[in-house]
Amino acid sequence: MGTLLSYSGLSTKIRAMQSRLMTEKQYQEIAQMESVTQVVAYLKRQPGFAKLWADLDESSLHRGEIEKLLTHTIHQNFAKIYRFANPSQRTFMNLYFKRYEIAVMKDCLRKIFDGSGDGLDLSLFQDFFDKHSKLNLEKLTKSATVEEFVSNLKGTEYYAPLSRIGQEYHPLLFDYGMALDQYYFANIWRMKDKLFKKRDLEEIIKAYGNKFDMLNLQWIYRSKKYYHMAPADIYALLSPVRYKLSTKEITELVEAVDEEEFRRVLDTTAYKKHYPELTPDKLEEYYNFSMRTILETEARKYPHSVIMIYSYFYHKEHEVDRLTTAIECIRYGLAPAETLEYIHRN
């Protein structure tokens, strides 16, 4: 009864916000548009954007600003839910928020590795991060070198995992991104038993366990097929989390001598049993499908649990991904059918 009462108000709030997410019909309408300005004007009239974008002048915005504004709608909706949440619900949200910190850090690192010399303007996100983060956005965005960037992380939880990189080899942007992702995944799995109980814990284990397993499958396959990496290097990329994939299965997949052997091992896993049509080349497709299915199904079954919050953020983030993709396609003059095809890949 306590769980029901603690989530009932938040569940109602999130259902209302969920109803304002973009529909398939709206994506079809956007795909027919001929300019980015038309898309922004259209979004300003939709319930999910009307209040947030009411004062925007669509004719004066360039692509980079629009992408940041889209990302910021995630932050704004996160803030709405956070204000409405109780302390136990905020526990999950604080943990989830780290993905936004990591996204910002990756943007900063990408700018450094690109070597353009231009600063990265994240001032739009400043107020949001001031409320939820210990990161100094101003210092991070002005970092000219990786060493300076890492030094500017001192005092945060991200300094230790990043400061260890580069001590024995010359790291790439990919290495820093993987280190951040691995830290984030391991942190969630390590903290779950301390932060969650009963139904919330069960839902966290199911959603994140599936996510980490499916990501590991993708990383192993891509590392072998496209980069021809040695097993030792592949192991270094993997999330340390094990859910339905055993250590033995992981080892056999990493050590597979060719794609056919990889496929044979994959066919013995729980994921192949659950998704009979799963093949190595469909791992990314089934990762997205499995995450969407789990979150939608569990949120319907248990609307008074933490999975409801996770499900909403998942769908909101994918909405932003789809809209960003649509804008890029329209900018390059793709045909409506081709634009829709790209939208549906997200």
Side-chain angles (χ1 to χ4, degrees), residues 36 39-40 43-44 48-49 51-58 60-83 93-159 161-163 165 172-181 183-184 187 313-314 316-328 331 346:
V36 174
V39 177
V40 177
L43 290 177
K44 285 175 64 177
F49 293 85
K51 290 184 179 179
L52 300 177
W53 286 17
D55 299 327
L56 291 181
D57 177 7
E58 59 270 22
S60 65
L61 295 171
H62 61 70
R63 179 178 60 89
E65 290 174 321
I66 296 169
E67 289 181 6
K68 280 190 283 191
L69 285 164
L70 283 169
T71 297
H72 196 47
T73 63
I74 299 173
H75 301 162
Q76 290 167 307
N77 287 336
F78 182 98
K80 284 182 185 177
I81 295 173
Y82 195 88
R83 286 194 296 269
M93 296 184 71
N94 290 333
L95 194 62
Y96 192 88
F97 175 82
K98 296 180 191 300
R99 68 185 279 111
Y100 303 142
E101 291 183 313
I102 288 172
V104 160
M105 287 188 284
K106 286 182 177 180
D107 283 343
C108 293
L109 285 164
R110 193 174 298 113
K111 198 73 172 179
I112 293 170
F113 275 88
D114 285 347
S116 64
D118 298 329
L120 182 65
D121 182 9
L122 297 178
S123 56
L124 180 64
F125 306 160
Q126 189 68 56
D127 288 345
F128 177 66
F129 272 75
D130 284 347
K131 291 183 175 69
H132 298 281
S133 175
K134 293 181 179 179
L135 297 182
N136 187 322
L137 288 192
E138 185 177 4
K139 280 187 175 182
L140 294 178
T141 55
K142 290 181 178 178
S143 300
T145 65
V146 173
E147 291 75 20
E148 182 183 1
F149 175 84
V150 174
S151 178
N152 286 331
L153 287 172
K154 284 181 179 176
T156 75
E157 62 190 290
Y158 304 108
Y159 177 73
L162 291 192
S163 62
I165 299 178
L172 303 174
L173 174 61
F174 176 81
D175 299 302
Y176 286 97
M178 283 300 302
L180 286 169
D181 287 337
Y183 171 78
Y184 174 60
N187 185 55
F313 290 143
Y314 173 87
K316 178 60 186 176
E317 289 162 14
H318 277 263
E319 174 185 83
V320 168
D321 288 341
R322 294 183 186 109
L323 290 172
T324 301
T325 297
I327 285 171
E328 196 69 2
R331 177 170 168 259
N346 287 292

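What you see is a predicted model; the values in this text were computed from it and never measured. Note: hydrogens, waters and symmetry copies are ignored here, and every other heavy atom, side chains too, is used.
- A search for salt bridge (Lys or Arg N to Asp or Glu O under 4.0 Å) contacts involving E319 returns K316, not counting sequence neighbours.
- The pair R110-D107 counts as a salt bridge, with a side-chain nitrogen and a carboxylate oxygen less than 4.0 angstrom apart.
- Using modelled atom types, one side-chain atom of K44 and one backbone atom of L56 make a donor-acceptor pair closer than 3.5 Å.
- In this structure, CG on N346 lies 6.5 Å from CZ on R322, to the nearest 0.5 angstrom.
- Judged purely by distance below 3.5 Å, without hydrogens or angles, the side chains of Y184 and E101 never pair a donor atom with an acceptor atom.
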Check against side-chain contact (heavy atoms from CB on, under 4.5 Å), M105 and L153: CA-CA 10 Å; M105 287 188 284; L153 287 172; 3.8 Å; yes
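- A salt bridge links E328 with R331: the closest approach of a Lys/Arg side-chain nitrogen to an acidic carboxylate oxygen falls below 4.0 angstrom.
- How far CZ of R63 is from NZ of K68: 11.5 Å, rounded to the nearest 0.5 Å.
- Checked by atom type and distance alone, the side chain of S151 never pairs as donor or acceptor with a backbone atom of E147 at under 3.5 Å.
- With rounding to the nearest 0.5 angstrom, the CG atom of N152 is 10.5 Å from the CD atom of E138.
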Audit row: T71, Y100, side-chain contact (heavy atoms from CB on, under 4.5 Å) steps and yes/no: CA-CA 10 Å; T71 297; Y100 303 142; over 6 Å; no
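- In this view, Y82 and F78, R90, M93, N94, H132 satisfy the side-chain contact (heavy atoms from CB on, under 4.5 Å) rule, not counting sequence neighbours.
- We find the CE-OH distance between M178 and Y183 to be 16.0 Å, quoted to the nearest 0.5 Å.
- Ring planes of F129 and H75: perpendicular class, angle over 60° (limits at 30 and 60°).
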